[in-house]
Amino acid sequence: MLSAAPRLIVATRNAHKTAEIRSMLGGRFEVVDATAFPEFPEIEETGTTFLENARLKAEGISRLIDGWVLSDDSGLEVDALGGAPGVWSSSYGGEEGNNEKNNARLMTEMAGKTERGGRFVCTMVLAKDGKERANFSGAVEGDIIDEPRGSEGFGYDPLFIPTGYDRTFSELGDAVKNTLSHRSRALSQITAWLDINF
Ligand code: ITT
């Protein structure tokens, strides 16, 4: 008899993150995110690093529910801005999760700058019974452009051209993005870890 895929709860309410994670791990897990549990409280991201915030989210949710929980804390580090927006990427424009305002602020801050390099960073934590069991990070280098291009993806994707390409993540689309993104690089380590430990 076939057994059902084990459930993996992703400690996020960002539907784009969930879709990317599901497309990469969905063959192996039933991927469910925090939107399926409206009773879960919002976890305050009080850390100053991606790892601290990823830990808060994964451990916080795994105290409330049985099974494996995966969190994702991610953002864009821009060299000419001293690493900003970094862990504060989702509220850079002044309003949590407002991609248009975030991109508008990034364009303003980068206006006239010749140094355009930066990277997307993603740290993920796997937790069970309220405790971290493993963490993984991935990054992808690239350049920030002046004007948004493309319609796919989310967040800063329309302003980011990964190194070696001449189109933004939004123009390249999820099929390409998911082969080289910060998130996919963290997830491929998780897949390897699960092969050994799950
Ligand atoms: P959760 O905390 O619920 O997971 P969130 O969107 O608030 O959702 P973060 O605190 O990790 O997540 O902030 C991530 C922000 O970084 C996100 O809102 C985008 O602005 C940016 N970001 C992260 N990954 C990205 C990607 O793949 N493409 C574009 N922007 C990304």
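What you see is a predicted model; the values in this text were computed from it and never measured. For ligands, and for the atoms within them, numbers begin at 1 and follow the listed sequence.
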Flag the pair Arg149 and Asp166 as a salt bridge only when some basic side-chain nitrogen lies within less than 4.0 angstrom of an acidic carboxylate oxygen.
no
In ligand 1, the atoms that come under 4.0 Å of a heavy atom of Asp73 are 9 (P), 10 (O), 11 (O)
Ligand 1 atoms nearer than 4.0 angstrom to some heavy atom of Gly155 are 29 (C), 30 (N)
List every atom of ligand 1 that sits less than 4.0 Å from any heavy atom of Arg13, numbering the atoms from 1 in the order shown and giving each element.
3 (O)
Is any N or O atom of Ser74, backbone or side chain, closer than 3.5 Å to an N or O atom of ligand 1?
yes
Under 3.5 Å between some N or O of ligand 1 and some N or O of His182?
yes
Side chain or backbone of Glu96 under 4.0 Å from ligand 1, or both, or neither, by non-hydrogen atoms?
side chain
Heavy-atom nearest neighbour in the protein, as seen from atom 28 (N) of ligand 1, with distance rounded to 0.1 Å:
Asp157 OD1, 2.7 Å
Any idea how Trp68 and Trp193 line up, ring-wise: parallel (<30°), tilted (30 to 60°), or perpendicular (>60°)?
perpendicular
Under 4.0 Å between a side-chain nitrogen and a carboxylate oxygen: does that hold for Glu152 and Lys177?
no
Can you name the atoms of ligand 1, numbered from 1 with element, that are less than 4.0 Å from a heavy atom of Ser89?
15 (C), 16 (O), 20 (O)
Heavy-atom nearest pair, Glu115 first then Ala80, reads O-CB, 3.5 Å
Among all the protein's non-hydrogen atoms, which is closest to atom 18 (O) of ligand 1, and how far away is it?
Ser90 CB, 3.3 Å
Under the side chain to side chain contact (heavy atoms under 4.5 Å, CB included) rule, what do Leu81 and Leu106 come out as? Steps first, then yes or no, please.
CA-CA 9 Å; Leu81 304 177; Leu106 182 61; 3.9 Å; yes
Could you tell me whether the side chain of Phe154 reaches within less than 4.5 Å of the side chain of Lys17, counting heavy atoms only?
yes
Basic-acidic side-chain contact under 4.0 Å: Arg119, Glu141:
yes
Quick note on ligand 1: atoms under 4.0 Å from a heavy atom of Asn14 include exactly 6 (O), 8 (O)
Within the structure, is a non-hydrogen atom of His16 found at a distance of less than 4.0 Å from ligand 1?
no
Salt bridge flag under 4.0 Å for residues Asp146 and Arg116
yes
Tell me the contacting part of Phe120 for ligand 1: side chain, backbone, both, or neither, using a 4.0 Å heavy-atom threshold, strictly below.
side chain
Under 4.0 Å from any heavy atom of Asp72, which atoms of ligand 1 are there?
4 (O), 11 (O)
Answer yes if the side chains of Thr35 and Asp33 hold a donor-acceptor pair under 3.5 Å, and no otherwise.
yes
Counting from 1, what ligand 1 atoms have a heavy atom of Thr12 closer than 4.0 Å?
1 (P), 3 (O), 4 (O), 8 (O)
Flag the pair Ile61 / Val69 as yes when at least one side-chain heavy-atom distance between them is below 4.5 Å, and no otherwise.
yes
Using a strict 4.0 Å cut-off to heavy atoms of Lys177, name the atoms of ligand 1 that fall inside it.
26 (C), 27 (O), 28 (N)
